[in-house]
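Just below is one structure, and these are the notes that go with it.
Values below: all heavy atoms of this structure, side chains included; hydrogens, waters and symmetry mates excluded.
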Amino acid sequence: MVLDAGCGTGYGAHHFARTAETIIGFDINQEVVARCRGRYRQPNLWHLATDCTAFPFQTPSFDLVCSFEVIEHIADYPAYLVGDVGA
């Protein structure tokens with residue numbers, strides 16, 4: 001299972017969905033997530049509106065976690081990178 005944290009427009013998650021069994025893309029912006037849901041429909045791809053710093057999943061739930069162009073938007077990015085944000 002793949003997680004695209006801060007998926008933005010959903011383009012990256014869409015490409016991961018071509019080979020991943022399951023992928024979840026999430027972003028804090030609800031309007032962006034709504035556009036992703038409409039534009040990139042695949043049976044193994046879900047988009048959720050949530051905050052990366054309030055990680056709503058168990059950390060070992062994913063085989064791969066990517067977070068492109070998100071780090072510069074998170075104040076405590078060192079904690080984010082090691083999974084301690086919101087713990």
Checklist outcome for this item: Scanning both residues in full, the closest heavy-atom pair of H47 with A13 reads NE2-CB, 4.3 Å
Next on the checklist: Checking D63 now: which residues fulfil side-chain hydrogen bond (donor to acceptor under 3.5 Å, both in side chains) with it, not counting sequence neighbours?
Outcome noted: none
Next on the checklist: For the SG atom of C7 and the CD1 atom of I23, what is their distance to the nearest 0.5 Å?
Outcome noted: 8.5 Å
Item to check | Inter-residue atom distance L48.CG - D4.CG, 0.5 Å rounding | outcome: 11.5 Å
Checklist outcome for this item: So ring pair (Phe, Tyr, Trp, His ring centres under 6.0 Å) across residues 3-24, not counting sequence neighbours, yields Y11-H15, H14-Y40
Item to check | Q42 atom CD, neighbour heavy-atom count above 12 within 6.0 Å | outcome: yes
Next on the checklist: Quick check: closest heavy atoms across A20 and V2, and the distance to 0.1 Å?
Outcome noted: CB-CG2, 3.8 Å
Checklist entry - Rounded to the nearest 0.5 Å, what separation is found between the CZ atom of F26 and the CG atom of L3? => result 5.0 Å
Checklist entry - Is there a donor-acceptor contact under 3.5 Å from the side chain of S67 to the main chain of A5? => result yes
Checklist outcome for this item: Rounded to the nearest 0.5 angstrom, the CG-CG distance for N29 and D51 is 11.5 Å
Next on the checklist: How close do R37 and A49 get, counting heavy atoms only, and between which atoms?
Outcome noted: NH2-N, 4.2 Å
Item to check | Heavy-atom donor-acceptor pair, D27 side chain to V33 backbone, under 3.5 Å | outcome: no
